[in-house]
Amino acid sequence: MLDRRLVREEPEKIRQALEKRGYEFDLDTLIATEAQRRELLTAVESRRAEKNELSEQIGDTMRAGGDAAALKEHSTQIGAELEELEQELGQVEERFEQMMLDLPNIPLDEVPVGESEQDNVVMYEVGELPKFDFTPRPHWEIGEQLGILDFEGAARMAGARFVTDVGAAATLERALINFMLDTHTRKHGYTEVFPPYLANERSLFGTANLPKFEDDLFKTTDGYYLIPTAEVPLTNMHQDEILDADRLPIYYAAYTACFRREAGAAGKDTRGMVRVHQFHKVELMKFVRPGQGSAELEKLVKDAEVILQALELPYRRTQLCTGDMGFQPQQTFDLDVYCPGMDRWLEISSCSQYGDFQARRCNTRYRPQPPAKPEFAHTMNGSGVATGRTLLAILENYQQESGTVVIPEVLRPYMGGMAEILPQMP
RNA sequence: GGAGAGGUGGCCGAGCGGCUGAAGGCGGUCGCCUGCUAAGCGACUAUGGGGGUAUAAGCCUCCAUCGAGGGUUCGAAUCCCUCCCUCUCCGCCA
């Protein structure tokens, strides 16, 4: 959520941001509502002051043994007027609040302006695209033939858009989790976190998944939501807290399952494990001070890249344009891994900074200097990286003509020394 | 799931229906004291919002907030109801 003061003080900034994003929004109504809210607030408050003053007089009179009946009557009368005004204010406030929740974050100036994915900027590519003497196959073929990815079984036990890792694939994904967490905690200074997979409504408002993106989420009958990403629990770890300044920056790394309904993705990526309802990733998340955002995000992206480099997977880094960026970020960098079997670049990490957009919703602040007022912390996060898609990328990049898959060097210690995945019959 | 206790400022902890935005302590900031350090002394120290004033920092003023929401009352941290959370004991369980 944006600072409501911006609406009054710098509406042009918001207007430009909306334009750059190509985002439909009735800003003029918002501005008018804000003005109306302020007007009503002033009226309500002066009435309330009057009433408080009267109450005090009543108290004084009664303590002095006098008769306060007339004063009480007057107070009751003001109370009635007050109630009406308050109701009106409540409605306006509610409308204003709803509109504010609908307002996307303001992109940083350096974000390239564009309309769609087509306008994203590829910053660099790392690693050689693999060459094959045979036609490389997509991961679902490799996985099914080796007997390590079970799509049919998953469909029977759960439904479409699920996958079950079996045997070496299960071990491989576990190895990836451990390798990524170890790297981030031991080499990059992140604190490992293992959070709940369910979160309450407020937390999803905190990360701005609600109210706009309810359709993407699974909700339980108890009113909990399955987390669509570890960003949700991590960003909400310090709800309503005022952090000591010397705690910042805070680095968290968490492995979690992620659950998404993919309601708007019908017919898209239906084959394989590119887009499934439950996937897994290691997430990196930071709380930083204002001003540290860009430098810390850069480090975060590099931390994620280290994983892909160690796995020797070819990847590229892109900067999303204003039109393709999500609702919450000020700036987003994607890492796409090349998948020769599908012959496409596949997003494997998306790293964004949010400024105080999320922290304002979560009410996570810090105190710059002890006497100074608390300020909102700034947040950012990115995958470091998605394990399911990494597994898929390994299958496609490390496939052999015989149908086996070689295990990347760095993962072998995590797999009991296994160097190659051979066909399995469970 | 059953029984009980409790949720107050950065933290701990008082609090009679009006004089309590809240005693006291800790912590913090500034000043004094001091050969240095420590101790001591004094002042200040919640958050959000509205209005006014100022070139700004700021200053003045009002409103709200004592887990959340409702109610009683002229007036609620204080009384009543609902919900949430924490703790203790019992039960159940990985």
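Keep in mind the model is a prediction, meaning the values are calculated, not measured.
Nucleotide B:G42 forms a Watson-Crick or G-U wobble pair with B:C30, both donor-acceptor distances falling under 3.5 Å. Under the Watson-Crick and G-U wobble criteria, each requiring two contacts below 3.5 Å, nucleotide B:A64 is paired to B:U47. Using Watson-Crick or G-U wobble geometry with both donor-acceptor distances under 3.5 Å, B:A22 finds no partner in any strand shown. Remark: B:A77 base-pairs with no nucleotide in the shown strands. Criterion, Watson-Crick or G-U wobble with two distances under 3.5 Å. Taking a pair to require two hydrogen-bonding distances under 3.5 Å in either a Watson-Crick or a G-U wobble arrangement, B:U37 remains unpaired. Nucleotide B:G6 forms a pair with B:C85, judged by Watson-Crick or G-U wobble geometry with both contacts under 3.5 Å. Remark: B:A14 base-pairs with no nucleotide; criterion is Watson-Crick or G-U wobble with both hydrogen-bond distances under 3.5 Å. Across all strands shown, B:G58 forms a Watson-Crick or G-U wobble pair, both distances under 3.5 Å, with B:U53.
Within the nucleic acid shown, A:L71 has no heavy atom closer than 4.0 Å to any nucleic acid atom. Nucleic acid contact for A:S55: base, since at least one base atom lies under 4.0 Å from a heavy atom of the residue. Here A:R4 lies out of heavy-atom contact (under 4.0 Å) with every strand.
When rounded to the nearest whole Å, the span between CG of A:N363 and P of B:G48 equals 9 Å. Straight-line distance from the CG atom of A:D240 to the P atom of B:C84: 18 Å, rounded to whole Å. One atom, CZ of A:R367, and another, P of B:G9, lie 13 Å apart when rounded to the nearest Å. Summarising the geometry, the separation between CG on A:L41 and C1' on B:G51 is reported as 10 Å, rounded to the nearest angstrom. Counting to the nearest Å, the P atom of B:G52 and the CD atom of A:E45 are 13 Å from each other. Between the P atom of B:G75 and the CD atom of A:E50 lies a distance of 15 Å, rounded to the nearest Å. Whole-Å rounding puts the A:R37 CZ to B:G48 P distance at 15 Å. The separation between A:N52 atom CG and B:G50 atom P is 19 Å, rounded to whole Å.
Cation-pi geometry between A:R317 and A:F333 is met: the NZ or CZ atom falls under 6.0 Å from the ring centre, inside 45° of the normal.
B:A76 and B:C19: their P atoms are spaced 11 Å apart (whole Å). Rounded to a whole angstrom, the distance from the P atom of B:G69 to that of B:A77 is 13 Å. The separation of B:G25 from B:U45, taken at their P atoms, amounts to 15 Å, rounded to a whole angstrom. To the nearest whole angstrom, the two P atoms, one in B:G75 and one in B:A64, are 12 Å apart. On the P atoms, B:A22 is 32 Å away from B:U82, given to the nearest whole Å. Across B:G24 and B:A38, the matching C1' atoms stand 25 Å from one another, rounded to whole Å. Taking the C1' atom of each, B:G9 and B:U20 are spaced 13 Å apart, rounded to whole Å. Here the separation of B:U8 from B:U78, taken at their P atoms, is 14 Å to the nearest Å.
When atom types are taken as modelled, the side chain of A:T364 and the backbone of A:H238 share a donor-acceptor pair closer than 3.5 angstrom.
Where A:R8 and A:M62 each meet RNA chain B at their nearest nucleotide, the meeting point lying more 5' is that of A:M62. Judged by closest nucleotide on RNA chain B, A:D60 is the one of A:D60 and A:R5 placed further toward the 5' end.
When distances are taken from the side chain of A:K51 to each of B:C74, B:A64, B:G10, the shortest belongs to B:C74. Closest to the A:K373 side chain, of the nucleotides B:C74, B:G51, B:G48, is B:G48. Listed candidates were B:G10, B:G75, B:C63. Nearest to the side chain of A:A49 is B:C63.
The base of B:G75 has none of its N or O atoms less than 3.5 Å from a complementary donor or acceptor on the side chain of A:E56.
By the 4.5 Å heavy-atom criterion applied to side chains, A:T390 and A:I307 are not counted as neighbours.
With no hydrogens or angles considered, no side-chain donor-acceptor pair links A:Y225 and A:N209 at under 3.5 Å. Counted by atom type alone, A:Y315 and A:Q309 present one or more donor-acceptor pairs between their side chains at under 3.5 Å. Under the 3.5 Å distance criterion, with hydrogens and angles disregarded, a donor-acceptor pair is assigned to the side chains of A:S294 and A:Q353.
A close approach under 4.0 Å does not occur between any side-chain nitrogen or oxygen of A:R38 and OP1 or OP2 of B:G49.
Using cut-offs of 30° and 60° on the angle between ring planes, the pair A:F357 and A:F327 is perpendicular.
The CG atom of A:L300 sits 8.5 Å away from atom NE2 of A:H184, with the distance rounded to the nearest 0.5 Å.
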